[in-house]
Amino acid sequence: MPELPEVEVVRRGLARWVSGRTAEDVEVLHPRAVRRHLAGGEDFAARLRGTGFGTAMRRGKYLWIPLDEGSSSLLGHLGMSGQLLVRPSGAPDEKHLRIRVRFADGLGTELRFVDQRTFGGLSLHETAPDGLPDVIAHIARDPLDPAFDDAAFHTALRLRRTTLKRALLDQSLISGVGNIYADEALWRSRLHYERPTASLTRPRTTELLGHVRDVMSEALAQGGTSFDSLYVNVNGESGYFDRSLDAYGREDEPCHRCGTPMRRRPWMNRSSYFCPRCQRPPRTV
DNA sequence: CTTTTGACCTGACTGC
DNA sequence: TGCAGTCAGGTCAAAA
């Protein structure tokens with residue numbers, strides 16, 4: 001499932017293989033893939049034709065490419081199963097190919113958005129003065145952003161009346177963290193997912209942020225996490241970080257720290273994985 | 001205002 | 001073999 005490290009791998013691929021090229025023809029093969037483009041698929045395609053792509057950018061799990069016409073950007077989100085692939089123009093269509101962008105050059109490759117579950121998509125939006133597409137103004141900086149404000153994050157945690165994992169997944173507080181890296185960072189921090197955010201001391205917040213950054217950096221160095229063929233990077237290669245996970249998906253397997261069998265608990269229509277010995281639940285629960 | 005819940009979506013898997 | 005049920009989960013609109 002693409003979280004920040006996987007999306008950053010895709011951003012780098014786009015910067016290398018798409019930035020600087022010009023769209024010649026765009027095909028929208030599934031309307032849901034452009035549902036955030038309110039003017040519809042035909043408008044999406046028409047506006048992209050003949051437009052040049054600038055440098056690929058990212059905040060959290062969102063990707064965007066400023067367009068050379070000046071004031072707008074192509075925004076993308078991979079959702080659960082989205083892939084952005086640069087493929088030879090003659091390669092057979094993928095089963096879940098949703099959008100194709102052909103280029104006005106002789107390089108012989110095209111950009112494809114492939115997405116089985118169609119939670120992701122592409123759309124065009126005005127670029128705000130701060131450089132962000134206007135519809136993602138509410139997305140907080142991510143922990144790998146040099147301008148992320150640790151002190152402000154701690155203050156926000158103290159003011160919230162919620163629990164730790166909910167806060168980690170709240171993209172308006174900190175972006176780029178999904179279910180996998182939330183569980184990994186909490187395990188490294190020996191913190192329970194249901195601990196109230198208001199109970200965190202400043203040193204605990206600092207330690208947690210350090211682990212979030214470490215686990216994401218390590219995953220990025222290995223090319224992102226992949227659990228099945230659903231996630232593939234821009235060139236179609238899977239990441240290998242799943243071999244290094246300490247918490248996610250390890251129900252009944254021994255904790256890598258203390259050997260206690262790991263547990264899985266239903267949580268917000270998904271799962272939380274944790275060590276019952278290293279990560280003690282808060283008293284109030 | 002803050003916080004929580006449900007809808008969206010398809011394919012792999014499980015149990016009867 | 002078929003079929004119903006479950007799971008995977010990021011985001012946002014709507015509800016509380």
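Chain letters run A, B, ... following the sequence lines, proteins first, then strands; residues in each count from 1. Bear in mind the structure is a predicted one, so any value in this text is a computation, not a measurement.
Nearest nucleotide to the A:R36 side chain, out of C:dT11, C:dG10, B:dT3: C:dT11. Closest contact between the side chain of A:R166 and the listed nucleotides C:dT11, B:dT4, C:dA8 involves B:dT4. In this structure, the nucleotide among C:dT11, C:dA8, B:dC9 sitting nearest to the side chain of A:R32 is B:dC9. For A:H138, counting side-chain heavy atoms from C-beta on, the closest listed nucleotide (C:dA8, C:dG10, C:dC12) is C:dC12.
Among the atoms of the strands shown, none is found under 4.0 Å from any heavy atom of A:H30. Within the 4.0 angstrom heavy-atom criterion, no nucleotide atom of any strand lies near A:R35.
Listed pair A:R117 / C:dA8 fails the phosphate criterion, with no side-chain N or O lying under 4.0 Å from OP1 or OP2. Between A:K95 and B:dG11 there is a side-chain N or O to OP1 or OP2 distance below 4.0 Å. Close to C:dG10, at under 4.0 Å from its OP1 or OP2, lies no side-chain N or O of A:Q171. Regarding contacts with the backbone of B:dT10, every side-chain N or O of A:S81 stays at 4.0 angstrom or more from both OP1 and OP2. OP1 or OP2 of B:dT4 sits under 4.0 Å from a side-chain N or O of A:T162. Here A:Y62 reaches the OP1 or OP2 of C:dC12: one of its side-chain N or O atoms lies under 4.0 Å away.
Whole-Å rounding puts the A:D170 CG to B:dT3 P distance at 9 Å. One interatomic measurement links the two molecules: CG of A:L38 to C1' of C:dA13, which rounds to 14 Å at whole-angstrom precision. Distance NZ (A:K165) to C1' (C:dG10): 13 Å, rounded to an integer number of Å. At whole-Å resolution of the value, NE2 in A:H125 and P in C:dT11 are 14 Å apart. Rounded to whole angstrom, the span from the CD1 atom of A:I136 across to the P atom of C:dT11 amounts to 11 Å. As a whole-Å value, the separation of A:E251 CD from C:dA8 C1' is 14 Å. A:L169 places its CG atom 15 Å from the P atom of B:dT3, with the value rounded to the nearest Å. A straight line from CZ of A:R158 to C1' of B:dT2 spans 18 Å, rounded to a whole angstrom.
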Checklist line | Worked verdict on A:V34 versus A:I99 for side chain to side chain contact (heavy atoms under 4.5 Å, CB included) | finding: CA-CA 9 Å; A:V34 292; A:I99 300 170; 3.7 Å; yes
Check: Going through the distances and angles, do A:R166 and A:Y193 end up as a side chain to side chain contact (heavy atoms under 4.5 Å, CB included)?
Finding: CA-CA 8 Å; A:R166 282 179 188 273; A:Y193 59 99; over 6 Å; no
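Taking the side chain as every heavy atom from C-beta outward, A:V177 and A:M216 approach each other to under 4.5 Å.
Where A:N269 and A:H96 each meet DNA chain B at their nearest nucleotide, the meeting point lying more 5' is that of A:N269. Looking at which nucleotide of DNA chain B each of A:R270 and A:R161 is closest to, the 5′-most match is held by A:R161.
Side-chain N/O atoms of A:S123 and A:H125 include a donor and acceptor closer than 3.5 Å.
Checking each of A:H96, A:E94, A:Q83, A:E27 against A:R112 for a side chain to side chain donor-acceptor pair (under 3.5 Å) leaves exactly one that passes, namely A:E94.
Note on ring orientation: taking the six-membered ring where Trp is involved, the planes of A:Y62 and A:H77 are perpendicular (angle over 60°, cut-offs 30° and 60°).
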